[in-house]
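Here the structure is laid out as structure tokens; the discussion comes afterwards.
Since we're looking at a predicted model, the values are computed, not measured.
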Amino acid sequence: MLTFKPITIEDADILREFVQPALTRSCDYTPGNLIMWARFMDYRYAIEQETLFIQCKSQADMKSAAFLPPIGKLSLEQSLPLLAAYCKSEERKMRFTAVPEELFEEMSLLLPGYTSTMLDGWSDYIYSAQSLATLQGKALNKKRNRYNKFIAENPEHIYTRCCTDDIKEVTTFIAAHRECQHNREENMRCYEQWQCMATVRNLVKYNQPAAVLRVNGKIAAFTLGEVFGDTLYVHIEKADHDIAGASEAINRMFVNDILEQYPHIQFVNREEDLGDPGLRQVKRAYNPQMLLHRYEMLQPDEE
């Protein structure tokens, strides 16, 4: 029988072994995302027969428990019955959340009769790495212009990879520019902003590439991500909105930096918009190559 335990930062290396970009480019399976959102989403995991099982809150109904599709050595045909047995022992219906579209068709065939809905606001925005690195093309005119404005107005800017000496300054920067001014973990936006600071404080343990952009000696922007397979996953990007083009600059410089280190990178996953109109507008302005949709699947009532 599966035994689930809470995900913590100490599990990063274990989780890293199961990331399979060839299977899905969903950010939900990356260690950075799982650890950062562990408390809010109540992420728990179990490993059985070299396969990762993750239990969490449903993205469609935060009051309900659900599972991500298992990934690992077992096929879905082999792993789903293990979850069915677990749910039977718990006397609850089996529910899946954040099912990436690459797996949705197979899941639907294996789970006939399950009701399914696309999760609005939870689709991952996937971009061409070369497109973000160059900002070329008509679709990116506005982004390119803002980047050029930043370069022209701040010729003394300095971009560097973030190191342990930067941690205190970065956490102060994030705290000063957060939109949510209180610590309410039930509020997703507040949780995200406070967890950004927690992630930075544990930068060494996370072992993720991060970078800072300075103007006149002060931080103007910060970003952090992970690389798996051919994809860069950007988990955090914060910028001083009073400095025109700072966000565009850190985005372009970081992607270029990562491409120098990992020239095989083809895609950048900048995650979901959570239904926020402003965030949706920003993400669409970067001209995504595709939106990776996610689905909710629920076992029907027994007749």
Side-chain angles (χ1 to χ4, degrees), residues 1-8 11 14-15 18-20 23-31 33-124 185-188 191-192 195 271-275 291-303:
M1 186 64 65
L2 297 172
T3 301
F4 290 88
K5 67 174 186 176
I7 288 177
T8 72
D11 300 311
I14 296 174
L15 298 171
F18 290 93
V19 181
Q20 302 178 51
L23 181 65
T24 175
R25 292 189 178 87
S26 169
C27 69
D28 285 301
Y29 291 97
T30 61
N33 180 80
L34 289 169
I35 294 168
M36 185 172 173
W37 289 96
R39 290 208 306 272
F40 189 88
M41 293 300 297
D42 195 21
Y43 280 126
R44 299 169 181 270
Y45 80 101
I47 296 175
E48 182 70 28
Q49 299 182 55
E50 299 179 53
T51 300
L52 177 67
F53 297 83
I54 296 176
Q55 184 173 206
C56 59
K57 294 179 182 178
S58 161
Q59 292 180 353
D61 177 10
M62 291 290 182
K63 295 181 180 179
S64 298
F67 303 97
L68 300 185
I71 58 173
K73 187 172 183 179
L74 295 179
S75 66
L76 287 173
E77 187 175 8
Q78 295 170 317
S79 60
L80 293 184
L82 298 180
L83 283 177
Y86 175 82
C87 288
K88 186 175 181 179
S89 71
E90 294 283 309
E91 298 184 341
R92 61 182 171 94
K93 293 195 295 184
M94 190 156 65
R95 183 177 195 138
F96 291 93
T97 194
V99 178
E101 57 184 293
E102 301 104 323
L103 303 180
F104 179 64
E105 183 176 351
E106 183 179 1
M107 292 279 288
S108 297
L109 291 174
L110 292 171
L111 301 172
Y114 274 55
T115 57
S116 60
T117 54
M118 192 176 81
L119 291 161
D120 183 48
W122 290 92
S123 300
D124 283 0
E185 291 207 348
E186 73 275 11
N187 180 295
M188 182 172 285
Y191 179 91
E192 185 265 344
Q195 279 303 111
E271 304 187 352
E272 63 284 308
D273 60 37
L274 300 176
L291 264 67
L292 178 58
H293 300 304
R294 306 180 200 172
Y295 296 84
E296 188 89 1
M297 300 183 69
L298 178 62
Q299 182 179 9
D301 295 326
E302 294 185 2
E303 295 182 357

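- In this structure, Glu90 places its CD atom where more than 12 heavy-atom neighbours from other residues, nucleotides or ligands lie under 6.0 Å away.
- In terms of heavy atoms, Leu119 sits closest to Ala98 at CD1-N, 3.6 Å.
- The minimum heavy-atom distance linking Glu101 with His293 is given by the pair OE2-N, 2.7 Å.
- At least one side-chain heavy atom of Leu76 sits less than 4.5 Å from a side-chain heavy atom of Pro70.
- Rounding to the nearest 0.5 Å places CG of Leu110 at 8.5 Å from OG of Ser79.
- With hydrogens and angles ignored, the 3.5 Å screen pairs a side-chain donor or acceptor of Arg294 with a backbone N or O of Trp122.
- Distance check: Leu274 CG to Asp120 CG gives 10.5 Å after rounding to the nearest 0.5 Å.
- The CG atom of Leu23 lies 4.5 Å from the CG atom of Leu103; values are rounded to the nearest 0.5 Å.
- Inter-residue side-chain proximity for Met62 and Met41 is flagged as met; some heavy-atom pair is nearer than 4.5 Å.
- Side-chain contact check for Glu296 versus Phe96: every heavy-atom pair is 4.5 Å or farther apart.
- Of all heavy-atom pairs between Leu34 and Asp28, the closest is CD2-O, 3.2 Å.
- Not one N or O on the side chain of Gln59 forms a donor-acceptor pair closer than 3.5 Å with the backbone of Thr97.
- Taking every heavy atom of both residues into account, Arg25 and Asp124 meet most closely at O-OD2, 3.9 Å.
- The OG atom of Ser64 sits 11.0 Å away from the NZ atom of Lys57 when rounded to the nearest 0.5 Å.
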### Task
Verify side-chain contact (heavy atoms from CB on, under 4.5 Å) between Ser108 and Tyr295, making sure each step is shown before the conclusion.
CA-CA 11 Å; Ser108 297; Tyr295 296 84; over 6 Å; no
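- In this view, Trp37 and Phe40, Tyr191 satisfy the ring-ring contact (aromatic ring centres under 6.0 Å, His included) rule, not counting sequence neighbours.
- None of Lys73, Gln78, Glu77 except one satisfies the side-chain hydrogen bond (donor to acceptor under 3.5 Å, both in side chains) rule with Ser75; the exception is Gln78.
- How far CG of Leu15 is from CD1 of Ile35: 6.0 Å, rounded to the nearest 0.5 Å.
- Between Gln299 and Leu111, every side-chain heavy-atom pair lies at or beyond the 4.5 Å cut-off.
- Not a single donor-acceptor pair under 3.5 Å links the side chain of Gln55 to the backbone N or O of Ala65.
- Atom CD1 of residue Ile54 and atom CD1 of residue Ile71 lie 6.0 Å apart, to the nearest 0.5 angstrom.
- Ring centroids of Phe53 and Tyr86 are separated by 6.0 Å or more, keeping the two rings apart.
- Taking both residues in full, the closest heavy atoms of Tyr29 and Pro69 are given as OH-O, 2.6 Å, listed atom of the first, atom of the second, then distance.
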